[in-house]
Amino acid sequence: MALQAPRGTRDLLPEETGQWQYVETTMRTLCARYGFQELRTPIFEYTQLFDRGVGSDTDIVEKEMYTFQDRGGRSLSLRPEGTAGVVRAFVEHHLEEAGLPVKLYYLGPMFRYERPQAGRQRQFHQFGVEALGSEDPYLDVEVIDLGWTILQALKIDAIRLEINCIGCHLCRPAYEKTLKTYLQDHRDQLCADCQRRSETNPLRTFDCKRSSCQAVLAEAPRISDALCDACQQHFETLCSGLDMLGIPYQKTATLVRGLDYYTRTVFEFKETLTAEAATVCGGGRYDHLVAEIGGKDQPGVGFGIGMERVMLLLEQASRMPSTREPIDVYVAFASPQQQGMAFDLVSQLRRQGVAAEIDHGRRSLKAQMRAAARKGVRLVLLLGEEEVAEQAVTLRDMETGAQRRIPRTEIVQLLHQQFSSPDAIELQMRGAVHEINGC
RNA sequence: GUGAGUGUAGUUCAGUGGUUAGAGCGCCAGAUUGUGGAUCUGGAUGUCGUGGGUUCAAAUCCCACCACUCACCCCA
């Protein structure tokens with residue numbers, strides 16, 4: 001076997017890139033409608049950014065980062081997620097001067113050193129939004145609404161929205177202490193992982209899927225009972241906002257998420273087609289991340305969508321549109337004597353905005369016709385001895401089989417008219433068929 | 001990082017120690033001396049994932065590595 005793409009990476013082939021463009025365009029269009037603007041940040045940053053931003057005791061930073069030294073001895077890391085870079089750019093370029101909140105979106109590859117499997121790769125793609133500089137709960141609603149609307153627009157409806165409020169720096173420490181004490185008291189009923197987590201990050205024990213641990217956690221004190229008044233109020237406003245917009249959701253007291261920077265609101269959109277219910281979109285509020293990264297203490301809220309997971313869901317639901325870029329006209333020639341003239345014709349058509357294609361394999365006319373059919377080309381121009389002698393071309397409609405001879409001086413102009421207006425292509429094509437059939 | 005399964009033509013797969021490794025689909029050509037998707041006929045495919053070992057003999061058995069898939073961990 002020759003060289004392959006590195007483990008956990010893959011090529012997006014021409015047959016797929018159209019579908020990606022469709023999904024990306026949907027996201028960009030809706031972002032524009034919600035007032036979010038694109039920000040493009042580097043795919044590598046100083047390692048320190050992710051240590052501070054994502055949290056040095058998260059799995060992402062502990063064992064999943066692609067970290068390397070450049071020739072100047074600097075420690076750099078390929079970005080494992082999008083938020084840290086966006087916040088860094090926000091601080092570095094004083095974007096708050098444009099007026100708060102600053103609403104941004106990003107789209108691009110992320111990197112995590114993990115064992116690959118379906119919907120999980122070492123290089124994957126994330127689309128995400130971040131709204132910085134306001135703690136208004138309606139901003140949370142706006143962000144969740146945007147995520148919801150994007151998934152709806154893509155017709156991903158086998159989806160469940162789970163939300164929770166995990167408190168702020170005022171009320172969470174006390175709750176964590178209470179939870180920790182509770183977990184210590186039931187230590188012998190917990191798995192080894194949870195015993196460890198109960199020390200380092202007690203909230204994360206809620207992520208455990210073991211039924212024995214779940215039984216302990218079912219009786220554990222709830223964050224919802226420990227929220228301060230401000231958090232309680234924030235969460236209630238958020239929920240009533242979602243109710244108002246008619247967005248269905250489920251309050252999940254055990255939803256905590258794996259990144260350290262979240263405060264108050266956390267949410268996930270999970271697909272409901274499989275038992276595992278993989279997260280397609282996850283996000284939340286991070287009210288101190290900006291300060292953590294060195295800016296003024298400013299709140300923020302955002303989410304990330306896994307592009308590969310979106311693609312998987314679209315495929316499973318057979319909702320993937322076919323988006324092959326069409327070729328309008330195929331120019332075929334009968335023998336090598338006509339190749340030059342045929343090539344000139346293709347070139348003229350292209351200059352007039354007509355997507356035209358020609359054979360480069362010196363293949364038989366039959367093979368050229370077959371190629372045209374395979375590409376789904378509607379019209380073929382045929383150039384042979386007779387046509388050259390008559391200074392004409394034969395125009396063939398591949399759907400009806402109708403043919404007509406047309407003077408060379410007219411053909412480019414005729415096709416230019418047929419295909420020049422993108423919106424009118426369908427109508428114009430119908431017109432063309434009638435004309436051809438009429439002969 | 002842990003555990004399990006898989007790796008044979010472009011593709012889907014058959015072949016479990018014995019000549020020159022097969023089939024469907026696809027591709028190419030011809031039937032149709034200038035015309036596509038149907039039909040018929042013919043043709044080309046391959047370091048049997050890679051490397052080592054056992055054997056008179058390995059796609060087949062053993063080991064290592066690589067890749068893919070699934071589960072765990074965790075997440076998008």
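Predicted model only: the values in this text are computed from it and were never measured. Side chains included, hydrogens not; waters and symmetry mates left out as well; all remaining heavy atoms used. Chain naming here is simple, since letters A, B, ... match the order of the sequence lines and numbering starts at 1 in each.
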Taking atom [atom1] in both [N] and [M], what distance in whole Å separates the two?
N	M	atom1	answer
B:rA23	B:rG15	P	15 Å
B:rG52	B:rU16	P	26 Å
B:rU12	B:rU8	P	8 Å
B:rA59	B:rU19	P	10 Å
B:rG42	B:rG18	P	30 Å
B:rG10	B:rC28	C1'	13 Å
B:rC27	B:rG36	C1'	15 Å
B:rU11	B:rG51	C1'	27 Å

Set out, line by line, the N/O atom pairs under 3.5 Å between protein and nucleotides 38-45 of chain B.
none

- Query: Is there a donor-acceptor contact under 3.5 Å from the side chain of A:Thr252 to the main chain of A:Thr254?
  - Reply: no
Answer with base, sugar-phosphate or nothing: what part of the nucleic acid does [X] contact at a heavy-atom distance below 4.0 Å?
X	value
A:Ala371	nothing
A:Gln121	base
A:Glu268	nothing
A:Leu382	base
A:Gly128	nothing
A:Gly82	nothing
A:Arg10	nothing
A:Glu308	nothing

Could you give the [atom1]-to-[atom2] distance, from [X] to [N], as a whole number of Å?
X	N	atom1	atom2	answer
A:Glu64	B:rC72	CD	P	15 Å
A:Arg396	B:rG34	CZ	C1'	11 Å
A:Arg257	B:rA76	CZ	C1'	8 Å
A:Phe269	B:rC75	CZ	P	19 Å
A:Leu255	B:rA76	CG	P	11 Å
A:Arg405	B:rG34	CZ	P	14 Å
A:Leu365	B:rU32	CG	P	16 Å
A:Gln123	B:rA67	CD	C1'	17 Å

Using atom names, set out every protein N or O paired with an N or O of nucleotides 2-5 of chain B below 3.5 Å, distance rounded to 0.1 Å.
from	atom 1	to	atom 2	distance (Å)
B:rU2	O4	A:Arg115	NH1	3.0

- After noting the C-alpha distance and the side-chain angles of A:Asp397 and A:Arg378, does the key distance pass the salt bridge (Lys or Arg N to Asp or Glu O under 4.0 Å) rule? CA-CA 6 Å; A:Asp397 183 309; A:Arg378 178 68 174 277; 3.4 Å; yes
Pair of N/O donor and acceptor under 3.5 Å linking [N] base with [X] side chain:
X	N	value
A:Glu114	B:rA76	yes
A:Arg120	B:rA76	no
A:Gln403	B:rU35	yes
A:Gln368	B:rG34	no

- Message: Taking A:Glu45 first and then A:Arg88, would you say they form a salt bridge - that is, a charged N and a carboxylate O separated by under 4.0 Å?
- Response: yes
- A:Glu81 bridged to A:Arg79 by N-O distance under 4.0 Å: no
- Query: Among pairs that include at least one residue of residues 331-348 of chain A, which meet salt bridge (charged side-chain N to carboxylate O under 4.0 Å, His left out), considering only residues two or more places apart or in two chains?
  - Reply: none
Does [X] have any side chain to side chain contact (heavy atoms under 4.5 Å, CB included) partners at least two apart in sequence or in another chain, and if so, which?
X	result
A:Asp185	A:Thr181
A:Thr29	A:Thr25
A:Ser364	A:Lys366, A:Ala367
A:Gln189	A:His186, A:Val216

- Message: Using the side-chain hydrogen bond (donor to acceptor under 3.5 Å, both in side chains) criterion, which residues pair with A:Gln126? Sequence neighbours excluded.
- Response: none
- Message: Looking at A:Phe124, I'd like to know if the NZ or CZ of A:Arg112 sits under 6.0 Å from its six-membered ring centre while staying within 45 degrees of the ring's axis.
- Response: no
Residues two or more places apart in sequence or in another chain: which of them pass salt bridge (Lys or Arg N to Asp or Glu O under 4.0 Å) with [X]?
X	result
A:Arg10	A:Glu16
A:Glu142	A:Lys103
A:Arg257	A:Glu268

- First encountered from the 5' end of RNA chain B, between A:Arg7 and A:Phe124: A:Arg7
- Starting at the 5' end of RNA chain B, which residue's closest nucleotide do you reach first, A:Ala118 or A:Ile305? A:Ala118
- Message: Base contacts versus sugar-phosphate-only contacts with protein, heavy atoms under 4.0 Å: please encode nucleotides 25-31 of chain B as B, S and - from 5' to 3'.
- Response: --SSS-B
- B:rC72: pairing nucleotide in any strand, Watson-Crick or G-U under 3.5 angstrom: B:rG1
- Return the nearest nucleotide to the side chain of A:Lys63; candidates are B:rC73, B:rG36, B:rA76. B:rC73
- Message: Heavy atoms from C-beta onward define the side chain here; which of B:rC70, B:rA76, B:rU35 lies closest to that of A:Gln117?
- Response: B:rC70
- Fit a plane to each ring of A:Trp148 and A:Phe269, take the angle between them on a 0 to 90° scale, and name the class: parallel (under 30°), tilted (30 to 60°) or perpendicular (over 60°). parallel
